[in-house]
Amino acid sequence: MIYFDHNATTPILPEVKEVMAEAMHEYWGNPSSGHTMGKKAADKLAFARNTLAELLSVSSEEIVFTSGGTEADNLSILGIVEPTLESAILISDIEHPAVSDTADYLVRHGVCCERIPIDNQGIVQVETLANAVNEKVKLISVMFANNEIGTIQPMKEIGEIAAQNSILFHSDAVQAFGKVPLNVVENNISLCAISSHKIYGPKGCGALYVKKGVPLNPRTYGGGQEHGLRTGTQNLPAILGFVEAAQIAYNKMSEEKQFLMDLTEYMYTEISSCIENVIRNGHPQKRIPGTLNLSFPGVISEMVVEELIKERICMSGGAACHSGTTEPSHVLLALGRRKQEAVAGVRFSLGRASNREEVDVVVKILKRVIESLRDLNS
Ligand code: PLP
């Protein structure tokens, strides 16, 4: 089996499993209990919070553990933007549904939401964003890096616009965390969502950075854990596993970044030299290192995915197939791709254990698959 779908999820590292197993054996107490078992768990929780805060160069009071990226995004948006006619939110045109569907919910309650377009390499049009600012805007939400095409956004420029206009800035950094430096303070990010399972940690765990002083309202009420912002007994084994994975990712970041940039570049060169009419989607340099998104006009991505599954290759189609009709990817359409190009987009997301031998196998099979699907469709 060849796994080229690391933007969907990653396998859990052995070191992470060990930390989680230890937590289940030794630190099963409730961190909110005052007795010995509670104290042992609370100390571990404090260790996890401090470690994550250090990696992000923020203070530990600014870390809120959540059940993952989706919850952190929802909390950020719904905890800031009141569902009234007096509120507005600016989001990019290529947000993950964790952000765009949350914004849509607010729109149904009268909030004005403007979607800022991207250019043909996937970069948010910063000038359009600046011009869209008005006194009703309570939040700007732009993802750090896109999950389909990998493009990294100009965080510093967007952060400056937010600061100049005293608007809070939320970023979904689920795909960027652990792969590229985040610099939340330097980029003036007020709320930053991250997730564990994209960096070889367990699923169902993540965190939200909440800048000190940001008036975030909780979405759930109860025992008051996580500074009252995400109440409920913490999943300590998952949190410790997440933080272990994060430490490993940060230690390996620069080496891995170069390795994956080179490997995806190699893959692109090989594919474009043996398959005709390939379109690369997204910015070739300003991207998270393992992502390669390509359109093969004349095919439908879901069919490519199905053919590759037969060859035990895991990757992803950019298009979502609903009840027999293939919807083009909204990200590829936002890039300006025509419908035939947007339904033909496939995503390879390589990871730590990927290598040239795997790439060579995938390229060889992909060539055969694309050529036969094109023959079939012509
Ligand atoms: N945001 C982005 C950009 C993602 O890629 C994902 C996961 O695919 C999420 C949010 C959701 O994160 P989680 O699966 O931790 O809820």
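In each ligand, atom 1 is the first atom listed, and ligand 1 is the first ligand listed. What's counted below: heavy atoms across the whole structure, side chains too, no hydrogens, waters or symmetry copies.
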Test side chain to side chain contact (heavy atoms under 4.5 Å, CB included) applied to K44 and I239, L240, V243, V19, the passing residue: L240
Which residue and heavy atom of the protein sit nearest atom 5 (O) of ligand 1, plus the separation: Q175 NE2, 2.8 Å
Donor + acceptor pair across side chains of N251, Q247 (<3.5 Å): no
Pair R219, N74: side-chain N/O donor-acceptor within cut-off below 3.5 Å: no
For atom 10 (C) of ligand 1, closest protein heavy-atom neighbour: D172 OD2, 3.4 Å
Flag for K203-T9: side-chain donor and acceptor within less than 3.5 Å: yes
Heavy atom of the protein closest to atom 14 (O) of ligand 1 (residue, atom name, distance): H197 NE2, 2.8 Å
Under 3.5 Å side-chain donor-acceptor pair for S92 and E95: yes
Atom 15 (O) of ligand 1: nearest protein contact (heavy atom, Å): S195 OG, 2.6 Å
Under 4.0 Å to a heavy atom of N147 - the qualifying atoms of ligand 1, by number: 3 (C), 5 (O)
More than 12 heavy atoms from other groups under 6.0 Å of CD on E18: no
Close-contact set for ligand 1 against G68 heavy atoms, below 4.0 Å: 15 (O)
Heavy-atom nearest neighbour in the protein, as seen from atom 8 (O) of ligand 1, with distance rounded to 0.1 Å: K198 NZ, 2.6 Å
Identity and separation of the nearest protein heavy atom to atom 13 (P) of ligand 1: G69 N, 3.5 Å
Ligand-side contact atoms (ligand 1) for residue partner M143, heavy atom cut-off under 4.0 Å: 3 (C)
Distance from atom 11 (C) of ligand 1 to nearest protein heavy atom, with residue and atom: T70 OG1, 3.3 Å
K203 and ligand 1 - part of the residue with a heavy-atom distance under 4.0 Å: neither
Candidates N147, D5, N293 - the one meeting side chain to side chain donor-acceptor pair (under 3.5 Å) with R347: D5
Nearest protein heavy atom with distance in Å, relative to atom 4 (C) of ligand 1: H96 CD2, 3.3 Å
Pair Q225-Q234, side-chain donor/acceptor within less than 3.5 Å: no
